[in-house]
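For this chain, numbers begin at 1 and follow the sequence in order. Order of appearance sets the numbers: ligands from 1, and atoms from 1 within every ligand. Note that the structure is predicted; figures quoted are calculated from it, not measured.
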Amino acid sequence: TSRWLRYNVQNLEKAGILNKTKVCENGKKVRKNWAQTWTVLHGGVLTFHKDPKSAMTGALHKTNQIVPEVTVDLRGASIGRASKDKSSKKNVLELKGKNGVEFLIQYDTESIITDWHKVLMDTIRQLEYL
Ligand code: I3S
């Protein structure tokens with residue numbers, strides 16, 4: 001409820017290209033479909049966009065807007081390193097949303113994943129106090 005916390009969440013913003021796949025929807029396991037995605041953290045919501053190239057050129061130029069594919073409300077969500085059995089890839093994060101949705105997020109560069117892990121953890125924590 002404090003303005004200070006609201007201010008802090010608003011400042012936890014980040015964007016970049018990551019590999020992601022959904023693994024659960026409504027608590028039900030779904031088939032993986034790894035894809036590169038333009039990922040944006042803004043205002044406590046994580047948004048995955050379709051193909052980063054088309055999103056950054058076509059859509060952005062024509063409509064001045066990137067069309068989101070999926071949004072995950074980080075309020076009540078959890079983030080952590082995925083265990084080895086979740087994926088054979090390295091540097092994998094597991095993001096669990098409140099409504100039984102679950103994503104794996106991955107990037108070969110360790111520091112990129114470490115940065116996302118930190119900012120997502122900080123955002124989730126800040127949202128607990130709003
Ligand atoms: O957890 P899984 O089933 O081993 O995930 C792999 C599969 O989704 C595979 O595709 P098929 O559904 O066509 O078998 C993907 O190509 C792999 O990337 C998935 O495993 P990793 O370990 O990369 O998350």
Side-chain angles (χ1 to χ4, degrees):
T1 53
S2 89
R3 257 187 226 170
W4 183 84
L5 286 164
R6 220 168 272 279
Y7 173 84
N8 271 278
V9 166
Q10 277 161 8
N11 280 282
L12 289 165
E13 299 194 339
K14 188 172 174 64
I17 287 170
L18 293 172
N19 301 312
K20 73 102 180 45
T21 179
K22 193 187 277 175
V23 284
C24 263
E25 191 160 34
N26 300 315
K28 251 188 73 184
K29 211 177 161 204
V30 295
R31 190 170 184 172
K32 281 183 189 167
N33 180 24
W34 283 105
Q36 226 184 48
T37 176
W38 175 245
T39 308
V40 179
L41 171 62
H42 174 81
V45 176
L46 190 70
T47 307
F48 297 120
H49 300 273
K50 276 235 153 65
D51 174 56
K53 281 186 219 100
S54 63
M56 289 307 286
T57 55
L60 189 62
H61 277 215
K62 282 188 192 112
T63 64
N64 210 20
Q65 201 173 22
I66 304 174
V67 182
E69 185 191 359
V70 203
T71 62
V72 184
D73 184 359
L74 295 177
R75 192 183 289 257
S78 71
I79 184 80
R81 287 269 172 177
S83 57
K84 285 264 192 279
D85 57 313
K86 293 291 171 98
S87 176
S88 61
K89 299 185 194 305
K90 61 175 179 180
N91 311 325
V92 183
L93 298 177
E94 188 175 52
L95 175 66
K96 295 182 183 182
K98 247 192 345 201
N99 43 354
V101 73
E102 203 173 317
F103 286 93
L104 297 181
I105 295 169
Q106 187 271 344
Y107 203 78
D108 280 352
T109 310
E110 166 79 34
S111 61
I112 290 190
I113 284 302
T114 305
D115 288 354
W116 275 101
H117 190 183
K118 187 181 183 312
V119 74
L120 289 168
M121 264 195 312
D122 290 348
T123 303
I124 290 166
R125 274 200 205 125
Q126 298 280 1
L127 286 168
E128 282 175 28
Y129 298 101
L130 278 183

| said: With side-chain contact (heavy atoms from CB on, under 4.5 Å) as the test, pick out the partner of Lys14 among Leu46, Asp115, Val40. | reply: Asp115
| task | Might you confirm whether atom NZ of Lys32 has over 12 heavy atoms from other residues, nucleotides or ligands at distances under 6.0 Å? | result | yes
| remark: for atom 11 (P) of ligand 1, nearest protein heavy atom and its distance come out as Arg31 NH2, 3.6 Å
| field | Closest protein heavy atom (residue, atom, distance) for atom 18 (O) of ligand 1 | value | Trp34 CD1, 3.4 Å
| message | If you count heavy atoms of other groups shown closer than 6.0 angstrom to CZ of Phe103, is the number above 12? | response | yes
| Any protein heavy atom < 4.0 Å from atom 16 (O) of ligand 1 | no
| message | Looking at Asp73 and Arg75, would you say the former's side chain and the latter's main chain have a donor-acceptor pair under 3.5 Å? | response | yes
| said: Regarding ligand 1, does Ser88 bring an N or O atom to under 3.5 Å of one of the ligand's N or O atoms? | reply: yes
| Sub-4.0 Å protein heavy atom next to atom 13 (O) of ligand 1 | yes
| said: Can you check atom 1 (O) of ligand 1: any protein non-hydrogen atom closer than 4.0 Å? | reply: yes
| Which residue owns the protein heavy atom closest to atom 20 (O) of ligand 1, what's the atom, and how far is it? | Lys32 NZ, 3.5 Å
| query | Does Ile113 reach the side chain of Leu18, with side-chain heavy atoms less than 4.5 Å apart? | reply | yes
| said: Donor-acceptor pair, distance only, cut-off 3.5 Å: does the side chain of Thr37 make one with the backbone of Ala35? | reply: no
